[in-house]
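The structure appears right after this line, and notes come after that.
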Protein chains: 2
Amino acid sequence: MSLRIALLGLLTAAGPSSGYDLAKSFESSLNYVWQASHSQIYPELVKMASDGLVTADAEGARGRKTYTITPEGADQLRAWLREQAPSLTVRSESALQAFLLPVLAPQDAVAVLERLRERYVKKLEALEALCADSSAGERFGRYALDHGIRHVRATVAWADDTIADLRARG
Amino acid sequence: MSLRIALLGLLTAAGPSSGYDLAKSFESSLNYVWQASHSQIYPELVKMASDGLVTADAEGARGRKTYTITPEGADQLRAWLREQAPSLTVRSESALQAFLLPVLAPQDAVAVLERLRERYVKKLEALEALCADSSAGERFGRYALDHGIRHVRATVAWADDTIADLRARG
DNA sequence: AGCCTCATGTAAAATGTTACATGATTGG
DNA sequence: CCAATCATGTAACATTTTACATGAGGCT
């Protein structure tokens, strides 16, 4: 369901798009919260078309198919948002590493954390650049971007404090 | 791989455990960052035993099997932690909702967010209670719990600010 | 001509979820 | 004795990832 919803959302935000476009949108805008590759997206769009949630254009150059959200698709998206209480759980490999850190000797744990922290700082810079780019009017994706930035900042702060704690222990 | 690593970590943290115990550990301690149910855990433990990462006791009461991590298992866990740069992406249904919020009329979006905020506040209270419970010495899970608390706090703050923003727009 | 990006798809494998199925032990 | 919890497993299904496969169009 989530994939379908995400695609409907992207089609609303960006207007008519091809599967290829949508795959790129996933990479750029949605990547921090959800992932999907073209091999998942193409078949899903076909199913969504047969369910009447989107319509496909005749093919353009290079076999390009442009999908447009239908009123039923828009209804279904809004209904899902209003009615579906989302799961609060998260799947995060880096947080899993964080959990397991104490199995390492403190100095090894510090090394792992410093590497992780560095990568998060880069991610934060990338997100902040995106935020600066987006003109003030662009509401779409803005809330999620803000959400992402706060999370990454929280992670960097956590890494700092955890590194300090590990160092204090030796 | 992540499931296997998580199980090795839990076996290190909690000592010899049954699949049932491990499933409960997932629910209580690891739930915020990773999920797995008994139907995934039992077969995985069998595979891990055949790969020499854990050993199984003879059965106890009610068919209970206690698994113990082997030195090879511990090595593999530490090697993974030291060498594997984890993916920084996250899969979060609630963050996906956050992203899609602008498709709703502002007052509907506010209602959705308020409901979400309430659930996160409850989650925060539960995590903070856990944190207070855990005696100061207990390092295991502490870093991850701290990580989780910071993330949930960041989410609540984000919800507050986003609600305010949506209200300001009408 | 050759390389890169665009563009679509399918297949196989791995992973994760939900449902079904069974039975022992403990506590009230 | 009954209900809850302990305890294990399998099967079916859904989802996700990785790999394979193909070809058009643009640029140098």
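Here is how names work: the chains are called A, B, and so on, in the same order as the sequence lines, proteins then strands, and each is numbered from 1.
One finds no side-chain N or O of B:Tyr20 lying less than 4.0 angstrom from the OP1 or OP2 phosphate oxygen of D:dT8. Dashed line: the shortest gap from a side-chain N or O of A:Lys24 to OP1 or OP2 of C:dC6 is under 4.0 Å.
A donor-acceptor pair under 3.5 Å links the side-chain atoms of B:Gln35 to the main chain of A:Val90, judged by distance alone. In terms of modelled atom types and a separation under 3.5 Å, the side chain of A:Glu93 and the main chain of B:Trp34 share no donor-acceptor contact.
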If you restrict it to nitrogen or oxygen atoms, what contacts under 3.5 Å exist between nucleotides 25-27 of chain C and the protein, and what is each distance?
none

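Summary of the strand contacts: B:Gln40 and A:Ser18 both lie near DNA chain C, and taking for each the nucleotide with the nearest heavy atom, the more 5' one is attributed to A:Ser18. Taking for each of A:Leu3 and B:Pro43 the nucleotide of DNA chain D with the nearest heavy atom, the 5'-most of the two is the partner of B:Pro43.
Nucleotide D:dA11 holds its C1' atom 16 Å from the OH atom of B:Tyr42, rounded to whole Å. To the nearest angstrom, P of D:dG25 lies 14 Å from CZ of A:Arg64. Per the geometry, CD belonging to B:Glu44 stands 9 Å off P belonging to C:dG16, to the nearest Å. If you measure from atom CZ of B:Phe26 to atom C1' of D:dA7, you get 18 Å, rounded to the nearest angstrom. If you measure from atom CG of A:Leu45 to atom C1' of C:dA7, you get 13 Å, rounded to the nearest angstrom. Between A:Asp57 atom CG and C:dT8 atom P there is a gap of 11 Å when expressed in whole angstrom units. A:Glu27 places its CD atom 14 Å from the P atom of C:dA7, with the value rounded to the nearest Å.
When every heavy atom of A:Leu3 is checked against every heavy atom of A:Ala36, the shortest pair comes out as CD1-CB, 3.6 Å.
A:Asp165 and B:Tyr143 share a donor-acceptor pair across their side chains, judged by distance under 3.5 Å alone. A donor-acceptor pair shorter than 3.5 Å can be found between the side chains of A:Asp21 and A:Ser18. A donor atom on one side chain and an acceptor atom on the other are not found under 3.5 Å apart for B:Ser92 and A:His151.
Looking at heavy-atom distances under 4.0 Å, A:Arg91 makes contact with sugar-phosphate atoms alone, never a base.
Applying the 6.0 Å contact sphere to CD of A:Glu118 captures no more than 12 heavy atoms from other residues, nucleotides or ligands.
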### Task
Output, in order, the C-alpha distance, side-chain angles, deciding distance and verdict of salt bridge (charged side-chain N to carboxylate O under 4.0 Å, His left out) for B:Arg4 and B:Glu44.
CA-CA 7 Å; B:Arg4 187 166 277 218; B:Glu44 186 66 24; 2.8 Å; yes
### Query
Taking it one step at a time, do B:Glu128 and B:Arg153 satisfy salt bridge (charged side-chain N to carboxylate O under 4.0 Å, His left out)?
CA-CA 11 Å; B:Glu128 279 171 342; B:Arg153 271 193 200 136; 2.7 Å; yes
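Comparing the local axis fitted to the first five base pairs of the helix from C:dA1-D:dT28 to C:dG28-D:dC1 with the one fitted to its last five gives a bend of 30°, rounded to 10°.
Contacts between residues 32-39 of chain A and DNA chain D, defined by a heavy-atom separation below 4.0 Å, involve A:Trp34, A:Ser37, A:Ser39, listed by number.
The existence of a salt bridge linking B:Asp108 and A:Arg82 is confirmed by a sub-4.0 Å separation between a basic side-chain nitrogen and an acidic carboxylate oxygen.
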